[in-house]
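Each chain gets a letter, A, B and so on, in the order its sequence line appears, and its residues count up from 1. Predicted, not measured: the structure shown is a model, and the values here were computed from it.
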Amino acid sequence: MEKKYNFKAIEEKWQKKWEQDDLYHVCEDSEKPKYYVLEMFPYPSGNLHMGHVRNYSIGDVVARFKTMNGYNVLHPMGWDSFGLPAENAAIKRGVEPAKWTKENIANMRRQLHSMGLSYDWDREVTTCLPDYYKWTQWLFIQLFNKGLAYKKKAAVNFCPSCATVLANEQVVDGGCERCGTLVEKKDLEQWFFKTTDYAQRLLDDLEKLPGWPDKVKTMQENWIGRSEGMEVIFHTEQGDEMPIFTTRVDTIFGVTYMVLAPEHPLVEKLTKGTVYEKDVAAFVNKVKNMSQIDRTATDLEKEGLFIGAYAINPVNGKKVPIWITNYVLMEYGTGAVMGVPAHDSRDFDFAAKFNLPVIEVITPEKGVGHETLTEVYEEDGYLINSGEFDCMANRPEGMAAIMDFIEEKNMGKRVVNYRLRDWLISRQRYWGAPIPIVYCPKCGAVPVPEDQLPVLLPTDVEFKSTGESPLTTSPTFGETVCPHCGEKAKREMDTMDTFVCSSWYYLRYCDPLNKEQAFDKKKADYWMNVDQYIGGVEHAILHLMYARFFTKVLYDMGLVSVEEPFANLLTQGMVLKEGSKMSKSKGNVVSPEAIIDKFGADTARLFILFAAPPERDLEWNDSAVEGCYRFLNRVYRLINDEADKDLIANAQALDSTALTKADKTVRRAVHSAIKRVTEDISDRFNFNTAISAIMEMVNAIYAYKNEAAINGAVLKEAKETLVILLAPFAPHMAEELWQELGYMTSVHKESWRTFDPDALVLEEVEIAIQINGKVKDRMLVAADLTADDLLDLVQGHEKFTEWTGGKTVVKIVPIPKKLVNIVVK
RNA sequence: GCGGGAGUGGCGAAAUUGGCAGACGCACCAGACUUAGGAUCUGGCGGGCAACCGUAAGGGUUCAAGUCCCUUCUCCCGCACCA
């Protein structure tokens, strides 16, 4: 009776055994090269989805492959477990966030176990547990002490009806998601990290990351948004300084008006007590209450209002009106802009709408201006109407000359501006790491001393549907004493953005149980940086930028020795069904648990790796999953074939000088599979082609078994190689079959095989005979023929005139092992 | 609008350095075994009767183009008035 592939029994058996043997536990080991492979840790929403399965399958192949190649591999897993969903569950279902999160983690951990992943679970990290967030708080204090954490007023979304702060995601069409009331902007004191201090380094060091996709680097580059320009100080008629930022100072003689952001402090000052005051205030109010999204939408109608004041252009003393508009942002530059309608399309539209004058200062032809400019001119050319700078090329000479002029006269200076803003980390929420700050009436904002950490989240809180932070409902949390002077003091009520927790977890994995420090530097030095980071592209900007920022800050403090956390980054594509992302609302979700139950984890893993290369989106296909299941069955039957047992048991050492043609053919398949799988995993992460190489090898072994004479040594080599190559992809099946082949040790501790180049050598190859690039014939020739040999062979061939059809031969191009192209006329 | 990526059989895809397009798999078709087949095995499978034609469309370079260059189109992702 043939053995049946009982995946359930096999997978459970080996998962249990691996756990008992602590097979995936690692320590620092100076004898071996280290390799740190990391998948982005999940938010414990309750259930694994296919995106997770894909992410962890990829990571697991890399981890197992590197282990088999002699590396000491760190492959950890944990939980990004603070965040809003837990709090919402508390409000909706009355279950405490801690309990809800814990149960979700338990369930997802069980699901991860059922996938047979090679994690060192002794290093599990959970960001919502005090032994982790203690160090998140400690890190906050380090940043605070370095002046990198500071407080300032910032606008938040506020629902006046619910009297609560809303996250951006809770604002729907400008209204509160709960009650629909129009959301207002409210200024609150909030904590920030000074990411802007690191803008230039975050930008420059992208060049040190050749192992990152260009796409991600470009996204980060754009997000940092460096631009070089000038800050020029205009003055109002009344003498107030009004600095502006421009990248086009070459057009400064063309200024015909100025624009301020509605929030600009000068707006109120300049209009107070004038006839413009009321209208301006109304305009400002209207713009302020627009959501950030609406406000920055490109199709937003440009609105503007003259505020009754004038500014003086420092370069020519010209008096120009000051306006306010909805498209100038207070957060970028200085919140004030010069309007040059002739050479900026936005300014051109604005001037046209409000009938403002246009002065041409750049022309395509030297010294020749237009009577009137009917359309914006944004190209380069020659300066005109620009005083002493006339007739210069606007760039680069004109630009440089005007910059020098302005700096000489102290009217402004060259500056670099970034779009990157400081990172707002305050959340008016409960389920996050409390910000470890105490407000003392005497001493001000005082960090909680290290020996008093962690600042624990209180449990005596209420979860109300009004949306106010539950932390504020605790009768015990807020009141404390000042660590400095011992007087009564109040605790900070805000918690940290969960992105703070996930900005350093890769370091905690290096030393997860440390009670004395966030991590031991020696251990971090051993493991860091992460050799391969794998995750969804949706984290391309925020998470990856914050993690890079943290690493740089810690580097500057001497706590780590690397300046970049992730040497190589793989961004995986989405898992789709019927062309769109799996989602509950679309009802096209395929549950990993159901698939594992029906076909086993090995099949699920194999399919998800085989169906597409990892960066590309992957279309789920039920029958293709069955195909992978059939393939594993085929492998199972092949290795278990009773007929081969004696042959393999009695096999002599492989004698490569005494092989039949069939022996050589199957060995070629085996060794080229080793070559291809090795290269596909290590150089390209193309697991799909690696798997197809294994499939071809299986086909070749089956073909070999039909031969009259089978060499036991060759068959043994083939079967063992197959199991080893399959081990990273289908770990349970490989382990089972390795045992079936008579081994008592784990296949996952086995050494990866190297291919024998001699086994790849072909004696004969089929080449194509082309006429003018079209294949006319094929012939079998010795593989070692040189180009000259080929030329002779073809020219002297009996079919030569048949091929050429009697036409004139212009030339013959022989390509060894490939083809011969005969060019005729 | 700007930036990035993609477009190859009925489908997922492969072609790694310019060298025989479609490996591998799914679906489908035929056959074998079988009481039976949604198991397994064997064979076929881009289009066309053929000469030939085929990698989004058009042009170019080359002995040779899916691959290089130019033009255009479509789709996906990111950013979105950044002065």
Inset, instruction - Give RNA chain B the dot-bracket treatment, 5' to 3': Watson-Crick (N1-N3 with N6-O4 or O6-N4) or G-U (N1-O2, O6-N3) under 3.5 Å, [ ] crossing, | other strand. - result: (((((((..(((......[....))).(((((.......))))).((....))..(((((..]....))))))))))))....
Inset, instruction - Look at all strands and tell whether A:Val813 reaches a base, only sugar-phosphate, or nothing, counting heavy atoms closer than 4.0 Å. - result: base
Inset, instruction - Specify the separation, in whole Å, of atom OH of A:Tyr629 and atom P of B:A39. - result: 12 Å
Inset, instruction - Please list residues of residues 412-420 of chain A whose heavy atoms come under 4.0 Å from any atom in RNA chain B, ordered by number; otherwise none. - result: A:Arg419
Inset, instruction - Only pairs at least two apart or in different chains count here, so list each side-chain hydrogen bond (donor to acceptor under 3.5 Å, both in side chains) that has a residue in residues 806-825 of chain A. - result: none
Legend entry - A:Lys675, NZ atom: more than 12 neighbouring heavy atoms under 6.0 Å: no
Inset, instruction - Inspect the contact between A:Lys799 and A:Asp777 and indicate whether a charged nitrogen and a carboxylate oxygen are less than 4.0 angstrom apart. - result: yes
Inset, instruction - Please test A:Glu707 against A:Lys705 for salt bridge (charged side-chain N to carboxylate O under 4.0 Å, His left out), starting from the C-alpha separation and ending with a verdict. - result: CA-CA 5 Å; A:Glu707 292 290 330; A:Lys705 276 156 61 69; over 6 Å; no
What are the atom names and distances for every N/O pair under 3.5 Å that joins the protein to nucleotides 21-23 of chain B?
unit_1: B:A23; atom_1: O2'; unit_2: A:Glu696; atom_2: OE2; d: 3.3

Legend entry - Inter- and intrachain pairs under side-chain hydrogen bond (donor to acceptor under 3.5 Å, both in side chains), touching residues 680-690 of chain A, at least two apart: A:Asp680-A:Arg684, A:Asp680-A:Thr689, A:Arg684-A:Thr689
Inset, instruction - Could you check how far CG of A:Leu819 sits from C1' of B:A64, rounded to whole Å? - result: 8 Å
Legend entry - Sole residue of A:Thr247, A:Ile244, A:Ile406 in side chain to side chain contact (heavy atoms under 4.5 Å, CB included) with A:Met230: A:Ile406
Inset, instruction - Can you tell me the distance, in whole Å, between the CG atom of A:Asn772 and the P atom of B:A65? - result: 11 Å
Inset, instruction - Step through it carefully: locate the ring centre of A:Phe306, locate the ring centre of A:Tyr257, and say whether they are under 6.0 Å apart. - result: no
Legend entry - Check ion pair A:Glu331-A:Arg419 (N to O, under 4.0 angstrom): no
Inset, instruction - Pick the P atom in B:G58 and in B:G9, then give their distance to the nearest Å. - result: 15 Å
Inset, instruction - Would you mind classifying the nucleic acid contact of A:Glu766 as base, sugar-phosphate or nothing, using non-hydrogen atoms under 4.0 angstrom? - result: base
Inset, instruction - Check for a donor-acceptor pair, side chain of A:Asp602 on one end and backbone N or O of A:Met733 on the other, with a separation under 3.5 Å. - result: yes
Inset, instruction - For A:Leu618 and for A:Phe245, locate the closest nucleotide of RNA chain B by heavy-atom distance; then report the residue assigned to the nucleotide nearer the 5' terminus. - result: A:Leu618
Legend entry - Value in whole Å for how far the P atom of B:G25 lies from CZ of A:Arg634: 8 Å
Inset, instruction - Take atom P in B:G12 and the same atom in B:C52, then report the distance between them in whole Å. - result: 31 Å
Inset, instruction - Kindly say if A:Lys774 contacts the phosphate of B:G19, meaning a side-chain N or O under 4.0 Å from OP1 or OP2. - result: no
Inset, instruction - Mind calculating the distance between CG (A:Asp680) and C1' (B:G25) to the nearest angstrom? - result: 15 Å
Atom pairs under 3.5 Å: protein N/O with N/O of nucleotides 27-37 of chain B:
unit_1: B:A27; atom_1: OP2; unit_2: A:Arg630; atom_2: NH2; d: 3.1

Inset, instruction - Compute both the distance and the angle, then confirm whether A:Arg637 meets the cation-pi test with A:Tyr5: under 6.0 Å from the six-membered ring centre, within 45 degrees of the axis. - result: no
Inset, instruction - Side chain of A:Met695 only, please: which of B:C24, B:A83, B:G12 is the nearest? - result: B:C24
Inset, instruction - Using whole Å, report how far NE2 of A:His264 lies from P of B:A83. - result: 17 Å
Inset, instruction - Answer yes or no: is there an ion pair linking A:Glu303 with A:Lys353, defined by an N-O contact shorter than 4.0 Å? - result: no
Legend entry - Anti or syn - B:G47, cut at 90° from 0: anti
Legend entry - Partner residues of A:Phe65 under the ring-ring contact (aromatic ring centres under 6.0 Å, His included) criterion, sequence neighbours left out: A:Trp752
Legend entry - Parallel, tilted or perpendicular, as decided by the 30° and 60° cut-offs, for the rings of A:Phe245 and A:Tyr332: perpendicular
Inset, instruction - Between B:U74 and B:A23, how far apart are the P atoms? Round to whole Å, please. - result: 32 Å
Inset, instruction - Identify, between A:Cys628 and A:Asn633, the residue whose nearest nucleotide on RNA chain B lies closer to the 5' end. - result: A:Cys628
Legend entry - Contacts of A:Glu207 that satisfy salt bridge (charged side-chain N to carboxylate O under 4.0 Å, His left out) - sequence neighbours left out: none
Inset, instruction - Check the distance between B:C26's P and A:Asn621's CG and give it to me in whole angstrom. - result: 10 Å
Inset, instruction - Just jot down the side chain to side chain donor-acceptor pair (under 3.5 Å) partners of A:Gln572, sequence neighbours excluded, or say none. - result: A:Asn55
Inset, instruction - Looking at every strand, decide which applies to A:Pro613 at a 4.0 Å heavy-atom threshold: base, sugar-phosphate, or nothing. - result: sugar-phosphate
Inset, instruction - Do nucleotides 3-9 of chain B as a string where each nucleotide becomes B, S or -: B if the base has a protein heavy atom under 4.0 Å, S if just the sugar-phosphate does, - if no protein is that close. - result: SS-----
Inset, instruction - Look at all strands and tell whether A:Gly627 reaches a base, only sugar-phosphate, or nothing, counting heavy atoms closer than 4.0 Å. - result: sugar-phosphate
Inset, instruction - Could you walk me through whether A:Arg676 and A:Glu696 pass the salt bridge (charged side-chain N to carboxylate O under 4.0 Å, His left out) test, one step at a time? - result: CA-CA 11 Å; A:Arg676 286 168 60 193; A:Glu696 284 179 61; 3.3 Å; yes
Legend entry - Contacts of type side-chain contact (heavy atoms from CB on, under 4.5 Å), residue A:Ala612, not counting sequence neighbours: A:Arg54, A:Leu618
Inset, instruction - Would you kindly check if the NZ (Lys) or CZ (Arg) of A:Lys302 is within the cone defined by 45 degrees around the ring axis of A:Phe350 and under 6.0 Å from the six-membered ring centre? - result: no
Inset, instruction - Remember a base hit wins even if backbone is also touched, and classify A:Asp617 as base, sugar-phosphate or nothing at under 4.0 Å, heavy atoms. - result: sugar-phosphate
Inset, instruction - Please determine, for the side chain of A:Ser227, which listed nucleotide (B:C79, B:A83, B:G25) has the closest atom? - result: B:A83
Inset, instruction - Could you label the plane-to-plane angle of the A:Trp323 and A:Phe354 rings as parallel, tilted or perpendicular, counting under 30° as parallel and over 60° as perpendicular? - result: tilted
Legend entry - d(CG, A:Asn326; P, B:A83) in whole Å: 18 Å
Inset, instruction - Examine distances only and state if a side-chain atom of A:Asp380 and a backbone atom of A:Arg395 form a donor-acceptor pair shorter than 3.5 Å. - result: no
Legend entry - Selection: residues 781-794 of chain A, any non-hydrogen atom under 4.0 Å of RNA chain B: none
Legend entry - Per A:Arg637 side chain, nearest of listed nucleotides B:C41, B:G19, B:A83: B:C41
Inset, instruction - Using a 4.0 Å heavy-atom cut-off across all strands, classify A:Lys825 as base, sugar-phosphate, or nothing. - result: nothing
Inset, instruction - Decide ring pair (Phe, Tyr, Trp, His ring centres under 6.0 Å) for A:Trp423 and A:Phe499; before the verdict, give the C-alpha distance in whole Å, the side-chain angles of both, and the deciding distance to 0.1 Å. - result: CA-CA 10 Å; A:Trp423 174 13; A:Phe499 276 115; 7.2 Å; no
Legend entry - Same-atom distance (P) from B:G66 to B:A15, integer angstrom: 15 Å
